[in-house]
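Owing to the predicted nature of the structure, the values given are computational and were not obtained by experimental measurement.
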Amino acid sequence: MARTPDWRIVTDSRDKLGEGPVWNSASGELFWVDCYGPTIRRLAADGERTDWTLAGFKNVGSVVPCEDGRLIAAMEHGLYFFDPRDGSLAPFADPNEERPNLIYNDAKVDRHGNYWIGNYDATESAPRGVFYVLNRKGQWRIGDSGFVVCNGPTFSPDGDVLYFSDSLGRQSLAYDLDPITGALSNRRVFQKFSDADGLPDGCCVDREGCVWLALYDGSKVLRLSPGGERLETWKLPARFITSCCLGGKDLRTLFVTSGEAPDGSDPQGGAIFATEVDVPGLPGPLFRPMKATR
């Protein structure tokens, strides 16, 4: 049964395509991106928002906090360290190796310290998308491939299951994740989605191991049990729901990003929403680069 909770809009900003909310428990800050700004946004604990628009780039797919205070920003031509203290960018890695028409998208750090990043085919028509894993040195390998659009990922509380959104395949996948090697195995369908559902997009996990999943063009988020049962369906006042994370001082605030409607018909599209949940999330792992600059 669909439920409409008491959503609030947390800032007056509107994103062309808001994506990738991530809560930094160490600093008490929320980060997310406007992909086509391309802009990185930060909401501090006191409610002050800071925006960085990245000149010379067309899009930013995601950001991931690092232990040294920097972020890894997924830009169209590579992965960069971004330093909020001075706005500087420094190259980190480029698993795509400059292959054309592959654009970096969602990213997360697993509970073993590895960085996972997917990409998508720029035409959104060919299954060229690759899901990579990188270690602290920026050395990479392929986790899986053959997708049009890679989205997610998120990880079980103990870190031994990875959940992934095959968006245009209209399915959420689960894998066993080896904590030593980082290898994926036992790929299986976690959840299938109909046209009425929308497209599976970004996701997060709560302390009970349930998956919160945003449904693009579906105006909702789902809470799924570790076995794939649909426990809750929460409606939102925007159509293009893109991703979600659990944060706030007690990790009981669900933050949800969204995008604008192309025809301007969705007045709350592009807002970032928040509401409270019963089951808290988990502190998100921070990436620890091999060589920190500070």
Phe240 side, atom CZ; Asp201 side, atom CG - distance, nearest 0.5 Å: 11.5 Å
Rounded to the nearest 0.5 Å, the CZ atom of Arg128 sits from the CG atom of Asn101 at a distance of 6.0 Å
Point-to-point distance, once rounded to the nearest 0.5 Å, from CZ of Phe193 to CG of Leu222: 6.0 Å
To check you understand the geometry: which heavy-atom pair defines the closest contact between Ala214 and Ser243, and what is its length? CB-N, 3.5 Å
Going by atom type alone, with no hydrogens or angles, which donor-acceptor pairs under 3.5 Å involve a side-chain atom of residues 72-82 and a protein atom two or more places apart or on another chain?
unit_1	atom_1	unit_2	atom_2	d
Glu76	OE1	Lys58	N	3.2
Glu76	OE1	Asn59	N	3.2
Glu76	OE2	Lys58	N	2.8

Please confirm whether the backbone N or O of Gly218 pairs with a side-chain atom of Lys220, one donor and one acceptor, at under 3.5 Å? yes
When you check the gap from the basic side-chain N to the acidic O, do Asp197 and Arg170 get nearer than 4.0 Å? no
To the nearest 0.5 Å, atom OH of Tyr163 lies from atom OG1 of Thr154 at 9.0 Å
Set out, in order, the CA-CA distance, both residues' side-chain angles and the distance that settles side chain to side chain donor-acceptor pair (under 3.5 Å) for Gln171 and Asp166, then state yes or no. CA-CA 5 Å; Gln171 60 182 353; Asp166 172 14; 2.9 Å; yes
For the student: nearest non-hydrogen atoms of Val33 and Gly61, plus distance: CG2-O, 3.8 Å
What's the separation between atom CH2 in Trp212 and atom CG in Leu224, rounded to the nearest 0.5 Å? 9.5 Å
Any luck finding a side-chain donor-acceptor pair between Tyr120 and Asp106 under 3.5 Å? no
Is a donor on one side and an acceptor on the other found under 3.5 Å between the side chain of Ser165 and the backbone of Ser167? no
Whether Phe31 and Trp52 hold their rings parallel, tilted or perpendicular, with breakpoints at 30° and 60°: parallel
Using only heavy-atom distances, determine whether the side chains of Tyr132 and Asn96 contain a donor-acceptor pair under 3.5 Å. yes
Relative to the ring of Phe164, is the ring of Phe147 parallel (under 30°), tilted (30 to 60°) or perpendicular (over 60°)? tilted
Side chain of Thr257, backbone of Ile272: donor and acceptor closer than 3.5 Å? no
Kindly work out whether a path of hydrophobic side-chain contacts (I/L/V/M/F/W/Y, heavy atoms less than 4.5 Å apart) joins Phe57 to Val63. yes
